[in-house]
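Some notes on the structure that comes next.
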Amino acid sequence: MATATTSPVSQALPPLIPRETLFGNPDRTRPQLSPDGKYLAYVAPDEKNVLQVWLRTVGKDDDQQLTVDQKRGIRLYVWTYNPNQLIYLQDSDGDENFHLYLVNVQSKLVRDLTPFQGVKAQPIDLDPDFPDQVLVGMNLNDRQKFDVYRVNLNNGAVEFETDNPGNIVSWVADAQFQIRGAIAATPDGGSDLLFRETPDQSFELLRHWGPDDEGSAVSFSQDGKTLYISGSHDANAQRLIALDLTSRQETVMAADEQYDIGGVVIHPTQRRIQAVSFYKDKVEWQILDDSIADDFKAIAQIREGEFAITNRTLADDTWLVGYATDDGPVYYYVYNREAKTHSLLFSNQPELETLQLASMQPISYPARDGLTIHGYLTTPVGIEAKNLPTVLLVHGGPWARDTWGYSPMVQWLANRGYAVLQVNFRGSTGYGKAFLNAGNREWAAKMHDDLIDAVNWIVDQGIGDRNKVAIMGGSYGGYATLVGLAFTPDVFAAGVDIVGPSNLVTLMQSIPPYWAPMKALFAHRLGDLETEEEFLKARSPLFFIDRIQKPLLIGQGANDPRVKQAESEQIVEAMRKASKPVEYALYTDEGHGFARPENRLHFFAIAEEFLSKYLEGRFEPIGEINGHSGVVN
């Protein structure tokens, strides 16, 4: 089967970028200097193409592989403050029951610090003054709640630290490495900020946030007298606030009227908050500590793109800085603070540097009720952005948002000849609470209207071809795909659903046990399972498959703990009974999304041919993909 390259439009496009380049493993990524600056660790594939942690002595070319993960690859790791030790997380085939592993970089010995079957570990904190300990949340005694444990990094001893009464969803340790703060979910769908003077005292309530407000604890100050928090109370957007624990007075440190605070930069040893980001169309930094102002000025000049400090030594003399752009890889630099000099460490995917990639443009449009919706538009290189086949790519969450920058999925679609439209529909995060709460109880209603308004916008602009628009997404984006085909059957030519729920009732009934504290929030934002089953059914595509006319492709992970396999299988079965066009790919060793590159390559190969069939874009033949676990019906 040949690629669709015969039309004049196809011939004007740049060469077809292999899927392997876009969806394969990075060359090297996630560099981290050890706290003493002696070693550099990073993630890179081994000879079997499985991501491992690698190590280099700074100033030498002695790179060596540290870990031997057999299958899924390691994505998250961090140095401890104990010399020669780092820790990483790994689950089993996507079940999200993560274990915490310790690696000795000298002996290469790997130890499972949380070797408990069916238990999920959540790292809480590490502290330079307590280098041989890590605080970990585990649902060891009760699968519904995460108590705090203190784990000894030298001998692996696990010591019970703090009991969770059942409603606490996050913990905060102070400079003495004691748990003194917490966030608890409340029956109204809101949350409580809790505090205790000492570990042997009871927690007291510092502040309650209702279900329409957002708030969290960020960090204690070095002297333990101030708790830094974020919160949207008394404002539209989440602000950074210093809470004096003696007087209980709150002082606003950073705020924006429309946008929530994003990243927070904290000094590695002094616990001073130094800068915060606000993610608007792109990231914007606000500096709170003059001692880093010149550094931020210097690193902003190094190269174009959005920068972030990814790592710092304890002496704070060396920073690792990552630069993200929309049309190339992430570039990592070593920045010397004293000399204000920099050197390129590596880019995560050097292959991308020579390719003709598309740029991503921020856009906005008014929804039908006047609300301003923001998003991003990417159009193919080499051809006029006129009357193009279009993919509406819907983000997951839904309490998340799309951001500017390189996306393999976006570049893949643009390279195949599609305009790609990403929409931060109402209910997306980052735009303040009025925008977030405008999505309450609006699944398959106003949240979907925003997506349809986006389609109308791109067609009205002359960019999109109304007869060739597909909808695609993962998780909530998968649900939005099903809604698109069932509730607005005339709008889309096809749909691609990745791990999306089809029935909100069974979705809520099957959530992981440790999500129990969040049920009240789900009831507030989505609908109440106890009292509103018919309302939830009315927003569930499964019950409207008779309306579906256009072809659907579904991808699902068999071990997904969030959106169970049954969510995909029930709609596939119903569509088959009704003789509706559906293709289904199940990955037996995946969870909520596809972590293994073999599975990504396989699913996107199927999706590419599927989209080409209905939108007439280009495609790379599927070919031989070894090692995937996909079962295709």
Side-chain angles (χ1 to χ4, degrees), residues 124-125 127-128 170-176 179-183 190-197 204-210 212-300 306-310 312 316 319 321 337 401 403 429-436:
I124 295 168
D125 210 357
D127 193 288
S170 67
W171 305 93
V172 197
D174 67 4
Q176 275 64 54
I179 295 288
R180 286 178 60 218
I183 300 289
S191 55
D192 284 343
L193 175 65
L194 305 177
F195 165 72
R196 59 186 181 187
E197 287 287 353
E204 57 175 304
L205 177 67
L206 285 184
R207 157 167 295 287
H208 173 67
W209 288 289
D212 287 333
D213 269 311
E214 300 277 295
S216 65
V218 176
S219 172
F220 281 95
S221 61
Q222 187 66 25
D223 62 9
K225 293 178 179 176
T226 304
L227 179 58
Y228 301 112
I229 64 171
S230 69
S232 62
H233 55 280
D234 307 326
N236 174 51
Q238 287 194 64
R239 307 173 294 173
L240 181 70
I241 294 165
L243 172 54
D244 186 309
L245 294 168
T246 307
S247 67
R248 304 293 157 93
Q249 288 295 113
E250 294 184 355
T251 306
V252 177
M253 298 175 68
D256 183 275
E257 280 183 20
Q258 185 182 345
Y259 295 92
D260 298 320
I261 67 157
V264 179
V265 175
I266 304 175
H267 189 279
T269 56
Q270 296 165 11
R271 291 177 164 258
R272 273 198 326 277
I273 296 201
Q274 298 186 293
V276 297
S277 67
F278 294 90
Y279 212 111
K280 302 184 179 182
D281 284 341
K282 297 182 182 178
V283 78
E284 293 183 15
W285 286 99
Q286 192 173 328
I287 293 167
L288 303 178
D289 178 357
D290 288 341
S291 72
I292 62 162
D294 288 344
D295 298 301
F296 268 58
K297 209 175 281 179
I299 58 182
E306 291 185 349
F307 69 82
I309 303 164
T310 59
R312 316 157 72 157
D316 205 26
W319 292 359
V321 186
R337 287 193 71 206
R401 61 161 286 179
T403 54
T429 53
Y431 295 93
K433 68 186 181 192
F435 191 84
L436 176 67

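We're numbering straight along the sequence, starting at 1.
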Does [X] use its side chain to pair, donor to acceptor, with the backbone of [Y] at less than 3.5 Å?
X: Arg196; Y: Arg180; value: no
X: Asp192; Y: Leu194; value: no
X: Arg271; Y: Phe220; value: yes
X: Arg401; Y: Tyr279; value: yes
X: Ser277; Y: Gly263; value: yes

Does any non-hydrogen side-chain atom of [Y] lie less than 4.5 Å from one of [X]?
X: Thr403; Y: Glu306; result: no
X: Val276; Y: Leu288; result: yes
X: Trp209; Y: Ile183; result: yes
X: His267; Y: Gln222; result: no
X: Asp125; Y: Ile179; result: no

Ring geometry between Trp285 and Phe296 (parallel below 30°, tilted from 30 to 60°, perpendicular above 60°):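 Aromatic pair Phe296/Trp285 classed perpendicular.
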
Aromatic plane relationship, Tyr259 with Tyr431 - under 30° parallel, 30 to 60° tilted, over 60° perpendicular: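 Tilted.
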
Positive for side-chain hydrogen bond (donor to acceptor under 3.5 Å, both in side chains) with Ser230, one of Gln238, Glu214, Arg239: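 The passing option is Gln238.
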
Ion pair check, Lys433 and Asp212, cut-off under 4.0 Å: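 Result for this pair is no, no salt bridge flagged.
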
